[in-house]
2 protein chains.
Amino acid sequence: MSNHPLIIHITKHVNLTEAQIAIVLSRFQLQTFAKKEHLLKEGNICKNIFFVTKGCLRLYFINEKGQEQTIQFALETWWMTDLMAFEKSGESGFSIQALEKVEVMVITHESLEKLLLEIPQLERYFRKVYQRAYSASLLRVKYLYTMPKEVFYEHFTSLYPEFVQRIPQKVLASFLGFSPEYLSELRKKKTLEKK
Amino acid sequence: MSNHPLIIHITKHVNLTEAQIAIVLSRFQLQTFAKKEHLLKEGNICKNIFFVTKGCLRLYFINEKGQEQTIQFALETWWMTDLMAFEKSGESGFSIQALEKVEVMVITHESLEKLLLEIPQLERYFRKVYQRAYSASLLRVKYLYTMPKEVFYEHFTSLYPEFVQRIPQKVLASFLGFSPEYLSELRKKKTLEKK
DNA sequence: CGGATCGTTGATCAACTTCAACGGTCGTGG
DNA sequence: CCACGACCGTTGAAGTTGATCAACGATCCG
């Protein structure tokens, strides 16, 4: 039995033999990145997918106004890549950056394809991973449509209070979809209300 | 060889034997719905997933102001369900309605689970389906964040000009995330520009 | 210690919503 | 097949929300 975070996560969804566990672990590579370091830069070929074992990542792009727009975070046990570019091994439309010192398990698209053929149970595992990610993404779209930004802010901070502490406000503002100035105003409003 | 749309779609991604094709087809049920008819109503248990073979569907919910908010369409060869509720066989947060006369292939969650165990290649097929859906959804989130609504409107109408003709304006407006009145204004503006 | 970046504040402005009223059209029952 | 009612799309006025810009103080990092 392995107690590696990746294996723990996989075997929550499918069973693997000891031999298969060994194969899986042998195909991934452990990498660490310092705070603010890039795992992928916009315009580069996206060869890798990352499984976060420590720290956190952000996925962002530069919008037409030249500002960084964060659209995704990844904490421990989350997968992260520019999925569209990864699948085609094409140019990425996003950058991936470490928000803190991170530890990730990395595998290339090519290796992963081989691994999926060798261990077909992994298809089931990834089917479940993507299915959850997709349904979460739809829920998020629902929120983006209907929640006034103020409510979206409250919602997010009450769901992930510790996480909100860890990241720069401007990154949070851009993820929530509004300007840093407006976030500032909301924070002020909230602290006044509490008194 | 079957030339059923569902089988054609599956065998684009994975190979199936004749026997397996027969099994797959036997587990799905063909259903038709009239325009405006509901395939699922908000609050009901979501037992089914639908594969559209003719016509089109919308996924929507009622927001806090009591208005219908459409967040997803499904055309031919698209899958449709309230994925989160489907996976848990729980109460749906969405309704699914036919925008035109539709033909769908239906399967229950229970049947699909059995089928996946019998024909493991289908795990690979659904892995790919969800992976694409997820990456498309992320791209959509990107658009929602950055595109001014006017640009989003142009983008959508140029991508799906025929489709825009087929659906009521208020449904389109809600999908694009703005009021029918504003859509009206945009349309007027565009037709003036063309002259 | 020094420079650059970050968060805050206030003023102005644009995008989009809401509301109310009107004409057109769609589909339903007679 | 027609007539009526309901709903849909359009228009304009008034009101909100949140962006932008500029300026300042704080803080982080080298």
Quiz item: Which comes earlier along DNA chain C counting from the 5' end, the contact point of A:Gln169 or that of B:Met147, where each point is its nearest nucleotide?
Solution: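 Its nucleotide being nearer the 5' end, the pick is A:Gln169.
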Whole Å only: how far is the [atom1] atom of [X] from the [atom2] atom of [N]?
X: B:Tyr153; N: C:dC16; atom1: OH; atom2: P; value: 14 Å
X: B:Glu150; N: C:dC16; atom1: CD; atom2: P; value: 8 Å
X: A:Lys35; N: C:dT5; atom1: NZ; atom2: C1'; value: 13 Å
X: A:Phe178; N: C:dG7; atom1: CZ; atom2: C1'; value: 14 Å
X: B:Gln67; N: C:dT18; atom1: CD; atom2: C1'; value: 10 Å
X: A:Lys189; N: C:dG7; atom1: NZ; atom2: P; value: 20 Å

Practice problem: Show the numbers, then the answer: is there a ring-ring contact (aromatic ring centres under 6.0 Å, His included) between A:His38 and A:Phe33? | Solution: CA-CA 8 Å; A:His38 278 86; A:Phe33 294 87; 9.9 Å; no
Quiz item: Quick one: is A:Arg187 getting a side-chain N or O under 4.0 Å of the C:dG7 phosphate, OP1 or OP2?
Solution: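 No, outside the criterion.
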Practice problem: Determine yes or no for a side-chain-to-main-chain donor-acceptor pair under 3.5 angstrom, with A:Thr11 supplying the side chain and A:Val14 the backbone. | Solution: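 Checked: no pair found.
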Self-check item: Any residue meeting salt bridge (charged side-chain N to carboxylate O under 4.0 Å, His left out) with A:Lys114, in chain and number order, not counting sequence neighbours
Solution: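 A:Lys114 satisfies salt bridge (charged side-chain N to carboxylate O under 4.0 Å, His left out) with no other residue.
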Quiz prompt | Euclidean distance, B:Thr17 OG1 relative to B:Gln121 CD, rounded to 0.5 Å | solution =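 It comes to 7.5 Å.
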Practice problem: For the pair A:Lys101 and A:Glu37, find out whether any cationic side-chain nitrogen is under 4.0 Å from an anionic carboxylate oxygen. | Solution: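 No.
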Self-check item: B:Glu68/B:Arg58 salt bridge by N-O under 4.0 Å criterion
Solution: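 Counted as a salt bridge, because a side-chain N and a carboxylate O are separated by less than 4.0 Å.
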Exercise. State which residue, out of A:Glu103, A:Glu76, A:Glu100, fulfils the salt bridge (charged side-chain N to carboxylate O under 4.0 Å, His left out) condition with A:Lys54.
Key: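 Among A:Glu103, A:Glu76, A:Glu100, the one that satisfies the salt bridge (charged side-chain N to carboxylate O under 4.0 Å, His left out) with A:Lys54 is A:Glu103.
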Quiz item: Which is the 5'-most and which the 3'-most nucleotide of DNA chain D that has an atom under 4.0 Å from a heavy atom of chain B?
Solution: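 Terminal contacting nucleotides, 5' to 3': D:dC8 to D:dG12.
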Quick one: label [X] by what it contacts on the DNA or RNA (base, sugar-phosphate, nothing), any heavy atom closer than 4.0 Å.
X: A:Lys36; value: nothing
X: A:Glu185; value: nothing
X: B:Tyr182; value: base

Self-check item: Five-pair end axes of the helix from C:dC1-D:dG30 to C:dG30-D:dC1 and the angle they enclose, rounded to 10°
Solution: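 Angle reported: 60°, given to the nearest ten degrees.
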Exercise. Specify the residue among A:Lys149 and A:Glu181 whose closest nucleotide of DNA chain D lies further upstream toward the 5′ end.
Key: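 This one resolves to A:Lys149.
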Quiz item: Using the ring of each side chain (for Trp, its six-membered ring), is B:Phe73 parallel, tilted or perpendicular to B:Phe156, with breaks at 30° and 60°?
Solution: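 Tilted, since the angle between the ring planes falls between 30° and 60°.
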Exercise. Scan side-chain atoms only and decide if B:Arg127 and A:Gln131 contain a donor-acceptor pair under the 3.5 Å cut-off.
Key: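 Per modelled atom types, B:Arg127 and A:Gln131 side chains form no pair under 3.5 Å.
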